Visitor: 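Sharing a structure with you now.
None of the values given here were measured: they were computed from a predicted structure.
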Amino acid sequence: MSRSHPFATIALVVDTDIDAELLRVSGLIDDQRWGEALRSLGSLRRIAPQNPAVWRSLAMTLRGAGELTEAQFATDQWLSLDDGSLEALRFKAVLLGERGKHYAAV
């Protein structure tokens with residue numbers, strides 16, 4: 001009789017919950033509800049600190065809220081977890097440009 005490991009089921013539920021919450025946060029970002037998105041992302045960041053999608057959403061939310069320095073930190077975390085992401089590199093270049101650091105953006 002084959003049995004799956006109980007922690008595998010827990011991990012699947014957590015991943016599903018994270019994906020569902022990220023989808024909800026995406027809607028908040030689309031609606032420019034920065035405060036609500038930031039609150040949700042705070043808990044997601046604690047639950048899934050190694051998930052690049054969490055840092056991506058956090059970077060976008062912080063940029064939308066006008067927190068460009070913090071958005072760059074979140075983008076750096078995103079890049080450290082998803083090293084080859086062209087989207088993250090472009091996002092970082094835009095942030096640097098918005099912060100007046102054009103020399104670093106190129």
Visitor: How close do A71 and A59 get, counting heavy atoms only, and between which atoms?
Guide: CB-O, 3.6 Å

Visitor: Please report the closest heavy-atom contact between A53 and L22, naming both atoms and the distance.
Guide: CB-CD1, 3.7 Å

Visitor: Charged N to carboxylate O under 4.0 angstrom, R90 versus E87?
Guide: no

Visitor: Give, for atom OG1 of T61 and atom CD of Q32, the distance between the pair rounded to the nearest 0.5 Å.
Guide: 11.0 Å

Visitor: If two hydrophobic side chains count as joined below 4.5 Å and joins carry through other members, does V25 share a cluster with M60?
Guide: yes

Visitor: Nearest 0.5 Å please: distance from the NZ atom of K101 over to the CG atom of L95.
Guide: 12.0 Å

Visitor: Are the side chains of L44 and N51 in touch, meaning some heavy atoms are under 4.5 Å apart?
Guide: no

Visitor: Taking all non-hydrogen atoms of both residues, which atom of S57 and which atom of I29 are closest, and how far apart?
Guide: O-CD1, 3.7 Å

Visitor: Measuring from atom CG of L58 to atom CD of E67, what distance do you get when rounded to the nearest 0.5 angstrom?
Guide: 11.0 Å

Visitor: Does L86 belong to the same Ile/Leu/Val/Met/Phe/Trp/Tyr cluster as L79, with side-chain heavy atoms less than 4.5 Å apart forming each link?
Guide: yes

Visitor: What is the minimum heavy-atom distance between L81 and P49, and which atoms define it?
Guide: CD1-O, 3.6 Å

Visitor: Measure the spacing between CG of D76 and CH2 of W55 and express it to the nearest 0.5 Å.
Guide: 10.5 Å

Visitor: If you apply the rule side-chain contact (heavy atoms from CB on, under 4.5 Å), what do you find for W78 with F73, and how did you get there?
Guide: CA-CA 9 Å; W78 172 18; F73 170 77; over 6 Å; no

Visitor: Is D83 atom CG crowded by more than 12 heavy atoms from other residues, nucleotides or ligands, each under 6.0 Å away?
Guide: no

Visitor: Apply side-chain contact (heavy atoms from CB on, under 4.5 Å) to L62 and L68, showing your working.
Guide: CA-CA 7 Å; L62 288 165; L68 300 181; over 6 Å; no

Visitor: Taking all heavy atoms of L41 and all of V54, pick out the closest pair and write down the distance.
Guide: CD2-O, 3.9 Å

Visitor: In this structure, which one of R56, Q72, R63 forms a side-chain contact (heavy atoms from CB on, under 4.5 Å) with F91?
Guide: R63

Visitor: Are the side chain of S40 and the backbone N or O of A37 linked by a donor-acceptor pair below 3.5 Å?
Guide: no

Visitor: Taking the hydrophobic residues Ile, Leu, Val, Met, Phe, Trp and Tyr, and joining any pair whose side-chain heavy atoms are under 4.5 Å apart, which ones share a cluster with L28?
Guide: none

Visitor: Can you name the closest pair of heavy atoms from G64 and W34 and give their distance?
Guide: O-NE1, 3.2 Å

